[in-house]
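A note on names: the letters A, B, ... follow the listed sequences, proteins ahead of strands, and every chain is numbered from 1.
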There are 2 protein chains.
Amino acid sequence: MSAKDIELTGVKEIARRANVSIGTVDRVIHDRKGVSQNTKDKVNAIIKELDYQPNILARRLASKKQVVFAVLIPKISEETNYWEAPLLGIDQAGAEISPYGITLQKYLYDVNDKNSFLEQIKRIDLSLIQGVLLAPSFIEESEHFVKKLEIRKIPYVFINSDIQGHDSLSYFGPDLYQSGYLSAHLMKYLLKKQDEILVVNISQEIDNQHHLLRKEQGFRNYFADKKLENTILKIDIKQTDYTYISNSLEKVLKNHNIAAIFVTNSRVSTVAKYLAMTGDQRRILIGFDYTEENLSFLKKGDIDFLICQKPREQGYKGLMALYQFVVHSKSGEKNNFMPIDIITSENCDFYLN
Amino acid sequence: MSAKDIELTGVKEIARRANVSIGTVDRVIHDRKGVSQNTKDKVNAIIKELDYQPNILARRLASKKQVVFAVLIPKISEETNYWEAPLLGIDQAGAEISPYGITLQKYLYDVNDKNSFLEQIKRIDLSLIQGVLLAPSFIEESEHFVKKLEIRKIPYVFINSDIQGHDSLSYFGPDLYQSGYLSAHLMKYLLKKQDEILVVNISQEIDNQHHLLRKEQGFRNYFADKKLENTILKIDIKQTDYTYISNSLEKVLKNHNIAAIFVTNSRVSTVAKYLAMTGDQRRILIGFDYTEENLSFLKKGDIDFLICQKPREQGYKGLMALYQFVVHSKSGEKNNFMPIDIITSENCDFYLN
DNA sequence: CTGAAAGCGCTTACAG
DNA sequence: CTGAAAGCGCTTACAG
């Protein structure tokens with residue numbers, strides 16, 4: 001065996017076998033133009049034969065290429081720190097992939113203000129961006145935006161809520177229907193046959209109603225599927241200040257004998273507050289999200305169960321999916337529904353969202 | 001500004017500023033001998049001033065060093081596929097860090113056979129190993145083994161269960177007491193004041209009893225803490241075949257009016273099978289672990305709740321902790337308790353363990 | 001105790 | 001259409 005026969009690694013070995021330079025091998029690997037079909041075939045055959053896997057470390061080291069992702073999600077509001085968690089996940093993923101030349105640009109909008117959403121979109125310079133991670137809180141406006149992305153062939157990933165019928169790379173978020181269904185399942189354990197139930201939707205934004213209605217639907221369908229005969233009442237509360245909410249609650253609770261309450265979003269803390277203040281502890285209360293406010297009521301026993309959907313993980317996995325696709329051309333599942341976690345006063349300290 | 005003043009990056013810039021060669025900089029960074037205190041101080045000062053962060057990609061590319069970790073966990077048995085999950089997590093972590101030169105050696109033992117544990121330990125050549133990830137199922141034997149590791153200064157991480165009083169790098173696994181406590185909390189919702197409860201421990205191995213007793217203790221203490229007055233009965237079943245178990249169950253259930261059953265491990269499926277066969281569906285049943293068997297009973301409604309502790313994540317995070325410590329000298333928390341997940345027939349399909 | 005050189009497996013101009 | 005060379009930020013012998 002002469003020295004020439006020694007097995008090299010990677011592009012060098014491919015080049016040696018194909019009798020071309022490593023520059024040419026590189027061109028073939030990246031499908032760059034300027035290679036004759038003949039040598040292209042030859043090189044590709046060898047790549048296949050060797051089952052060549054590029055060394056990603058060397059690739060990154062040698063390449064000066066930078067990749068920029070835009071992140072478009074709500075900012076943390078005074079009302080709720082919910083969006084802290086997705087951001088945490090995004091930053092974590094960002095730190096992990098930054099050695100590979102990925103930079104993040106964050107555009108945080110006010111979830112209660114459609115205009116701030118539009119303003120943030122305006123600030124994004126699409127010519128500098130290789131991918132977008134977004135929470136499409138405002139449906140129409142989001143649709144308009146992603147159409148522009150599609151024209152420029154910029155891939156994007158939805159988190160937290162989905163918009164159907166678009167060419168998103170993927171979705172990471174809850175299966176809303178099923179989380180309502182689960183809530184009903186939990187509630188069933190705690191009810192007697194004749195107990196009355198109250199469903200409470202609290203939201204200023206009509207846009208978000210889709211969200212809530214889907215959960216309500218799941219909740220109701222459970223009772224229908226299981227042929228349970230409990231009466232289900234419902235109120236929609238379209239103001240989010242405490243006075244308004246407590247007045248609304250007072251009215252229903254006075255006139256009905258409600259044994260359990262299901263709040264379709266994180267505002268469950270307001271309902272808990274009302275019940276706590278009126279000394280009303282008999283009622284079962286189930287709601288959503290691992291926010292500070294909710295946690296304190298959970299621990300005091302005013303909230304029985306919280307349903308959570310791994311907000312941190314939505315951000316983390318969403319960004320990772322974008323990275324995998326843009327940098328490694330790998331695409332995973334389109335729909336990625338988060339686990340539906342049940343949080344109680346006894347396991348909440350162990351929850352890592 | 002002359003050409004000499006141009007800012008370089010990394011070791012080159014440090015070398016330039018310190019007026020030494022990059023070889024010397026490398027020696028200082030890795031604290032290798034053969035550098036005068038004087039230049040060492042000079043270089044270190046500059047490293048600090050620049051807040052130098054080594055490029056880990058370049059480091060790995062240049063270094064031929066290989067790191068080997070031994071993994072010592074139970075193999076999947078016919079009785080339960082529980083250990084499939086931790087192994088999955090370990091393999092996932094292994095794949096992620098293999099570009100950085102990490103290799104795994106797996107040593108799988110039979111959890112029902114102490115000798116197979118000892119045999120696997122014998123197969124490990126400690127002189128070739130830079131770290132160990134282990135599930136210390138057999139306490140005494142594990143203690144003996146980790147003492148040997150400590151003498152050789154080989155770091156190790158426990159998963160699934162912990163042994164106190166040793167110098168492990170960290171532990172990833174359940175807080176057993178708290179998971180029993182949570183089970184009681186769930187059960188409380190489903191009980192009436194006068195209902196009787198049955199605790200069932202099923203296990204051949206005395207060694208595992210610590211495990212189970214800790215959960216039982218948490219379970220009992222919940223009822224004590226909350227001053228609940230339900231009677232709690234208990235049986236220890238020391239054979240794991242179905243006939244034996246069903247006979248044992250039959251005896252208690254016949255003589256008592258049991259409303260709810262708490263099984264302290266994954267054998268809950270056997271109890272479910274018995275209840276299903278006898279057409280006994282009124283009783284609440286809570287147990288542990290996301291195994292195939294358990295899942296099928298959960299979906300059919302024979303099991304009400306399963307408590308799970310992210311077995312995949314235990315393996316994943318345990319190996320990652322070892323990697324962070326050995327390769328990057330970073331150590332995290334010593335005790336890492338997994339989330340205590342509540343699985344029902346409605347959220348089980350979304351569970352990612 | 002210190003330095004100069006080669007090399008890890010790629011990419012990137014540049015030259016032809 | 002193709003090749004030869006330089007370089008990414010490190011580590012590793014080797015020489016002195």
What distance separates [X] [atom1] from [Y] [atom2], expressed to the nearest 0.5 Å?
X        : Y        : atom1 : atom2 : value
B:Ile47  : B:Ile29  : CD1   : CD1   : 4.5 Å
B:Met320 : B:Ile102 : CE    : CD1   : 9.5 Å
A:Leu57  : B:Arg59  : CG    : CZ    : 13.0 Å

Taking the side chain of [X] as heavy atoms from C-beta outward, which of [options] is closest to it?
X       : options               : answer
A:Ser21 : C:dA4, D:dA4, C:dG7   : D:dA4
B:Thr24 : C:dT12, C:dC10, C:dG3 : C:dG3
A:Lys65 : C:dG3, C:dT12, D:dG7  : C:dT12

Looking at [N], I'd like to know if its phosphate oxygens (OP1 or OP2) sit under 4.0 Å from a side-chain N or O belonging to [X].
X        : N      : value
A:Lys12  : C:dC8  : yes
B:Tyr100 : D:dC10 : no
B:Thr9   : D:dC8  : no
B:Ser63  : C:dC8  : no
A:Thr39  : D:dT2  : yes

Check the distance between [N]'s [atom2] and [X]'s [atom1] and give it to me in whole angstrom.
X       : N      : atom1 : atom2 : answer
A:Asn19 : D:dC1  : CG    : C1'   : 16 Å
B:Arg16 : C:dT2  : CZ    : P     : 20 Å
A:Asn55 : D:dG9  : CG    : P     : 16 Å
B:Asp41 : C:dC1  : CG    : P     : 13 Å
B:Ile56 : D:dC10 : CD1   : P     : 11 Å
B:Lys42 : C:dT2  : NZ    : C1'   : 11 Å
A:Glu13 : C:dG7  : CD    : C1'   : 17 Å
B:Ile22 : C:dG3  : CD1   : C1'   : 10 Å

Between B:Glu13 and B:Arg16, is the closest basic N to carboxylate O distance under 4.0 Å?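 Salt bridge between B:Arg16 and B:Glu13, a charged N being under 4.0 Å from a carboxylate O: yes.
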
If you measure from the Lys or Arg side-chain nitrogens to the Asp or Glu carboxylate oxygens, is any gap between B:Lys334 and B:Asp162 under 4.0 Å?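 Salt bridge between B:Lys334 and B:Asp162, a charged N being under 4.0 Å from a carboxylate O: no.
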
Here DNA chain C, pairs taken as Watson-Crick or G-U under 3.5 Å and shown with ( ), [ ] when crossing and | when to another strand, reads |||.||||||||.|||

Ignoring hydrogens and geometry beyond distance, is a side-chain donor-acceptor pair present between A:Asn335 and A:Glu333 at under 3.5 Å? no

State, without any angle test, whether B:Glu96 and B:Tyr316 hold a side-chain donor-acceptor pair at a distance under 3.5 Å. yes

Using a cut-off of strictly less than 4.0 Å between a heavy atom of the residue and any atom of DNA chain C, enumerate the qualifying residues of residues 29-36 of chain B by number. B:Gly34, B:Val35, B:Ser36

B:Phe158/B:Tyr156 aromatic ring centres below 6.0 Å: yes

What contact category does A:Leu57 fall into here, base, sugar-phosphate, or nothing, at under 4.0 angstrom with non-hydrogen atoms? nothing

Aromatic plane relationship, B:Phe138 with B:Phe117 - under 30° parallel, 30 to 60° tilted, over 60° perpendicular: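 Because their plane-to-plane angle lies in the 30° to 60° range, the rings of B:Phe117 and B:Phe138 count as tilted.
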
On the 0 to 90° scale, with breaks at 30° and 60°, tag the B:Tyr100-B:Tyr323 ring pair as parallel, tilted or perpendicular. tilted

Of B:Lys40 and B:Ala62, whose closest DNA chain C nucleotide lies nearer the 5' terminus?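 Its nucleotide being nearer the 5' end, the pick is B:Lys40.
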
Between B:Leu61 and B:Arg27, which has a closest nucleotide on DNA chain D that is more 5'?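 Whichever sits nearer the 5' end wins; that is B:Leu61.
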
Using heavy-atom distances to pick each residue's nearest nucleotide on DNA chain D, tell me which of A:Gln37 and B:Arg59 is more 5'. A:Gln37

